[in-house]
There are 2 protein chains.
Amino acid sequence: MGETSIERGRSARARLLTAARELIGELGWNAVSTRTLAERAGVRSGLVHYHFDSLQALLRHAALDEVQRMLEGTSALLAGATSPSDDIERMLFDLDQYNGSDPASLLFVETYLAATRDHELRQGMSALVADFRRSLTEALTRSGHPRPQAAASMILAFFDGFVLHKGLDQGLSAEHIAPLLRRITNTEESRITNTEEDGE
Amino acid sequence: MGETSIERGRSARARLLTAARELIGELGWNAVSTRTLAERAGVRSGLVHYHFDSLQALLRHAALDEVQRMLEGTSALLAGATSPSDDIERMLFDLDQYNGSDPASLLFVETYLAATRDHELRQGMSALVADFRRSLTEALTRSGHPRPQAAASMILAFFDGFVLHKGLDQGLSAEHIAPLLRRITNTEESRITNTEEDGE
DNA sequence: GATCGCCTTGGACGTTTGACCAAATACTAT
DNA sequence: ATAGTATTTGGTCAAACGTCCAAGGCGATC
């Protein structure tokens, strides 16, 4: 059967997706053009519309692939662990390797933004994030957290915000944050519900 | 002295900045063009380069103005309050009015991203965010928080992530999060530092 | 009413963009 | 070899882009 020709095609398609993954982070979603994309992938610009319906479809596909890869890797890490609290901290320290300006972090944020203006991308991202939140909620439930759902939402939002802020504040590090993150993942309800009436 | 002519100029300049503020959120930073900008402002496109050195300079100016307005308003709210914990919760509920897809929220995130690729914008944003973090840290110090700086960083990152996530997860609401946010703003160090050895 | 200065216009420029396609190429199957 | 299928090329197309500028408008000043 026809294979070598098809294999070359698959390779070119894959190189286009890789180039898109890189360039979205480097230049920004809207600044990626068919021509820069083709140059990075080592092909001619005409190929883009042979393998994909449109430039947007290519970017969508590349971004969802990468986000899925990142989230599924992390959620597998959570599923196989005994103490979710520790693993969430480990996730935080993993985040430390990104400086907030690298293509990997930026691709994530770029995709969030693009999703607010692209219905199909939004649906894909919603599904992926919902899956990950479910994993995180289950891990927190397993460890007996009193509010697993709220904690999962909060941790997710915080992690993304953390990446965002590291772009501006290079001094921001996981070390300073870890003790406070522990407050969130703590399985016991805090005794002090509020310190009201604490006038100056 | 010449006033009417100058006043007209000021008005046109202001309308251009307003249009930029709106369009950055609606279309995305890189999708704002001189022509759409001029149309929204009710002027001809040539005016953009009369009042500003370049399109990027206009966008930069508009974005920094708006971010400053937002942050200074919120930090004034913190400064005049007696119980920072409550005010941080109130800030959270204020955030609830944004659905995460409105121009105001998006302008914030768009500016973050643009700042990673524009040195001048990055410096401006860094300064504004640093100022706000200082206000927040002071408020937390005043209320006797044991780790005011780390808590401020965490709350800032979380708030931005919260806005980001609301674009995808419409069910995300401040109500569910508030009890856990209280764990962060609590002035007492948590007794339970960690719940290790919690194997199944 | 002529002059001056600032604001505004409308169009021009060279580039880049997404999309499209006929022709060329590479490989398989007959 | 031949025909057939899939991939790749190289170029064209109209549209949109940022920037620039000569000319016109318009109120204040002389």
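Below, read A as the first sequence line, B as the second, and so on, with proteins coming before strands; counting in each chain starts at 1. Quick caveat, the model's predicted, so the values are computed rather than measured.
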Quiz prompt | Side chain of B:Tyr50 (C-beta onward), nearest among C:dC6, D:dG18, D:dT9 | solution = C:dC6

Quiz item: Atom CG of A:Leu55 and atom C1' of C:dT16: how far apart are they, to the nearest Å?
Solution: 13 Å

Practice problem: For A:Arg10 and D:dT5, give me the distance from atom CZ to atom P, rounded to whole Å. | Solution: 19 Å

Quiz prompt | Out of C:dA19, D:dT8, D:dT19, whichever nucleotide has its closest atom nearest the side chain of A:Ser54 | solution = C:dA19

Exercise. Please state how far atom CD in B:Gln56 lies from atom C1' in D:dG18, giving the value in whole angstrom units.
Key: 10 Å

Quiz item: Please give, in whole Å, the distance from C:dA19 P to A:His51 NE2?
Solution: 16 Å

Quiz prompt | Rounded distance (Å) that lies between atom P of D:dC17 and atom CG of B:Leu37 | solution = 11 Å

Quiz prompt | Distance test, side-chain N/O of A:Arg44 to OP1/OP2 of D:dG10, below 4.0 Å | solution = yes

Quiz item: Counting only heavy atoms not in A:Asp53, do more than 12 sit closer than 6.0 Å to its CG atom?
Solution: no

Quiz prompt | Test side-chain contact (heavy atoms from CB on, under 4.5 Å) applied to B:Trp29 and B:Gln56, step by step | solution = CA-CA 9 Å; B:Trp29 188 282; B:Gln56 283 304 311; 3.2 Å; yes

Quiz item: For B:Glu175, does the CD atom sit with more than 12 other heavy atoms under 6.0 Å from it, leaving out its own atoms?
Solution: no

Quiz item: To the side chain of B:Ala12, which of D:dT7, C:dT8, C:dT9 is closest?
Solution: C:dT8

Quiz prompt | Whole-Å distance separating the CZ atom of A:Phe52 from the C1' atom of C:dG18 | solution = 15 Å

Quiz item: What closest approach, in Å, do A:Gly25 and A:Leu106 show between heavy atoms, and which atom pair accounts for it?
Solution: O-CD1, 3.4 Å

Practice problem: Pick base, sugar-phosphate or nothing for A:Leu47, based on heavy-atom distances below 4.0 Å to the nucleic acid. | Solution: base

Quiz prompt | Polar contact flag, side-chain donor to acceptor under 3.5 angstrom, A:Arg15-A:Ser11 | solution = yes

Self-check item: Near-strand residues of residues 17-36 of chain B, defined as heavy-atom separation under 4.0 angstrom from DNA chain D
Solution: B:Val32, B:Ser33, B:Thr34, B:Arg35

Quiz prompt | Nearest listed nucleotide, side chain of B:His49, among C:dA19, D:dT19, C:dT8 | solution = D:dT19

Quiz item: With the threshold set at 4.0 Å, does a side-chain nitrogen-carboxylate oxygen contact exist between A:Arg69 and A:Glu66?
Solution: yes

Practice problem: Rounded to the nearest angstrom, tell me the gap between atom CG in A:Leu58 and atom P in C:dA19. | Solution: 10 Å

Quiz item: Could you give the CD-to-P distance, from B:Glu7 to C:dT8, as a whole number of Å?
Solution: 12 Å

Quiz item: Aromatic rings A:His165 and B:Tyr112: how do their planes relate, parallel, tilted or perpendicular, breaks at 30° and 60°?
Solution: tilted

